[in-house]
Amino acid sequence: MKKFGLLGSDVSKSLSPSMHTANFKSLSIEAAYKAISVSDFKAIMPYLRKLDGFNVTTPFKETIIEYLDEINNECIEIGAINTVKNINGKLVGFNTDGIGFLESVNEVCDITNKKVLLIGAGGAAKAIYHALKKFNDDITVCNRTAKNILFADEYILYKDLKDSYTEYDILINTTPIDPFEIKHDMSGKYVFDIRYHTNNVFLEQASKNGAKAINGVSMLINQGAHAFNIWYGKTPDKKAMYQGAVNGFLKVVEDSVSEQ
Ligand code: ATR
């Protein structure tokens, strides 16, 4: 049986295990996918080397690079990875966040000729920036910490953004927080957030103010589908992945209700 996992600081509520497990089951593949929450991954590198592959999430997408044996060329430019494949004992890094997000944008709107505000400057933001840049040159990155946005051609800090978020056609939140309050008319705009759990105040405010608000479920499925393709060289059953993610979400809700 092949073994896969998701590495992150707190992945206990991640939908990736249920999503990938559902796909393995649908395609009759004997494989397991487990969430691995650790505060520091360095000590468990020998364990990670025994896996056939793994995904990487917050906050290790950038720092894991130096512990891998190889990364594909695009990841060198991006500076972040989210998918690792064990190829004959070598850990090779890939990034499927950018293509996964691009596909989810293309499901709802045309990215070209739009003013984009990309919020955040972590590994996911860098991958998305790189993917969108191929089709759109008008991308401003907004972040809390100035030194982290230097990869972008155009950038702004929250303190300078104020109400000028209304000037953008597409807002994309890649941070784990609600980055600022949306309180002005956003009719005709698109607001994406790569988070996929409920209680998303940012998207609620966007929707209340007339924007089309899109959460991270579709990106989750798309980036996961590309990760599966890297591991197996096969097309996944995306419907099964979606159903697996939905079942995983219901389980998270059930667990949180029973904890109360
Ligand atoms: P990744 O995309 O690699 O998973 P992350 O750790 O989830 O990264 O998120 C990193 C981004 O979220 C950064 O833009 C970070 O801002 P800084 O560069 O200023 O650190 C942002 N972020 C995380 N927590 C934040 C907070 N409490 N307030 C504002 N921004 C935050």
Side-chain angles (χ1 to χ4, degrees), residues 8-9 56-66 71 73-82 93 95-106 108-186 188-196 200-203 205-206 209 211-216 219 223:
S9 62
V56 183
T57 190
T58 310
F60 306 133
K61 285 179 176 176
E62 294 166 86
T63 47
I64 194 148
I65 287 181
E66 64 175 295
I71 59 172
N73 285 343
E74 205 185 16
C75 297
I76 298 173
E77 281 173 51
I78 298 170
I81 66 105
N82 78 324
N95 200 308
T96 69
D97 277 339
I99 179 74
F101 182 77
L102 188 63
E103 287 174 354
S104 65
V105 172
N106 287 339
V108 289
C109 68
D110 179 3
I111 187 80
T112 54
N113 301 319
K114 303 264 191 336
K115 265 176 88 70
V116 177
L117 184 69
L118 179 61
I119 305 154
K126 288 193 177 93
I128 290 171
Y129 182 80
H130 191 266
L132 298 189
K133 263 282 188 183
K134 291 174 191 158
F135 303 94
N136 184 322
D137 213 25
D138 193 350
I139 304 173
T140 303
V141 176
C142 178
N143 197 45
R144 172 182 60 176
T145 310
K147 71 174 171 52
N148 295 343
I149 32 180
L150 301 178
F151 68 93
D153 295 335
E154 303 288 332
Y155 49 80
I156 189 165
L157 295 175
Y158 294 124
K159 69 180 176 61
D160 301 318
L161 182 73
K162 298 188 180 114
D163 291 342
S164 68
Y165 64 85
T166 56
E167 292 169 14
Y168 296 87
D169 305 305
I170 298 181
L171 272 52
I172 305 161
N173 179 32
T174 68
T175 75
I177 54 148
D178 300 307
F180 48 81
E181 187 184 357
I182 294 180
K183 52 187 179 194
H184 297 288
D185 181 30
M186 295 287 280
K189 318 254 183 197
Y190 293 86
V191 179
F192 292 86
D193 195 318
I194 68 169
R195 293 175 294 171
Y196 50 68
N200 188 318
V201 175
F202 190 61
L203 288 186
Q205 290 168 348
N209 285 287
K212 183 156 176 50
I214 302 109
N215 71 20
M219 177 188 173
Q223 63 76 33

Self-check item: Residue that, paired with Asp193, satisfies side chain to side chain donor-acceptor pair (under 3.5 Å) out of Thr175, Thr174, Asn215, Asn200
Solution: Asn200
Looking only at heavy atoms, what is the nearest atom pair of [X] and [Y], with distance?
X	Y	value
Ile156	Ser164	CD1-OG, 4.5 Å
Ala125	Gly120	CB-O, 3.2 Å
Gly216	Tyr196	C-CB, 3.8 Å
Glu62	Gly122	OE2-C, 3.7 Å
Cys109	Tyr190	CB-CZ, 3.5 Å
Leu102	Ala131	CD2-O, 4.3 Å

Mark yes or no for whether [X], through its side chain, and [Y], through its backbone, hold a donor-acceptor pair below 3.5 Å.
X	Y	answer
Asn209	Ile182	yes
Asp97	Ala124	no
Tyr165	His184	yes
Asn173	Ile177	yes
Lys115	Asp138	no

Should [X] and [Y] count as side-chain neighbours, where that means a heavy-atom distance under 4.5 Å?
X	Y	result
Ile65	Ile81	yes
Arg144	Tyr158	yes
His130	Asn95	no
Ile172	Val105	no
Leu161	Thr140	no

Self-check item: Residues Lys114, Asn136; criterion side-chain contact (heavy atoms from CB on, under 4.5 Å); working and verdict
Solution: CA-CA 7 Å; Lys114 303 264 191 336; Asn136 184 322; 4.2 Å; yes
Quiz item: In terms of ring plane angle, is the pair Phe180 and Phe202 parallel, tilted or perpendicular, where the classes change at 30° and 60°?
Solution: perpendicular
Self-check item: Residues in salt bridge (charged side-chain N to carboxylate O under 4.0 Å, His left out) contact with Asp137, at least two apart in sequence or another chain
Solution: Lys133
Quiz prompt | Donor-acceptor side-chain pairing of Asn82 and Thr96 below 3.5 angstrom | solution = yes
Practice problem: Starting from the C-alpha separation in whole Å, work towards a yes-or-no answer on side-chain contact (heavy atoms from CB on, under 4.5 Å) for Asp153 and Tyr129. | Solution: CA-CA 10 Å; Asp153 295 335; Tyr129 182 80; 3.7 Å; yes
Practice problem: Using a strict 4.0 Å threshold on nitrogen-to-oxygen distance, state whether Lys134 and Glu77 make a salt bridge. | Solution: no
Quiz item: Thr145 and Asn143: side-chain hydrogen bond (donor to acceptor under 3.5 Å, both in side chains), yes or no, with the steps?
Solution: CA-CA 6 Å; Thr145 310; Asn143 197 45; 4.5 Å; no
Quiz item: More than 12 foreign heavy atoms under 6.0 Å from CG of Asp110: is that the case here?
Solution: yes
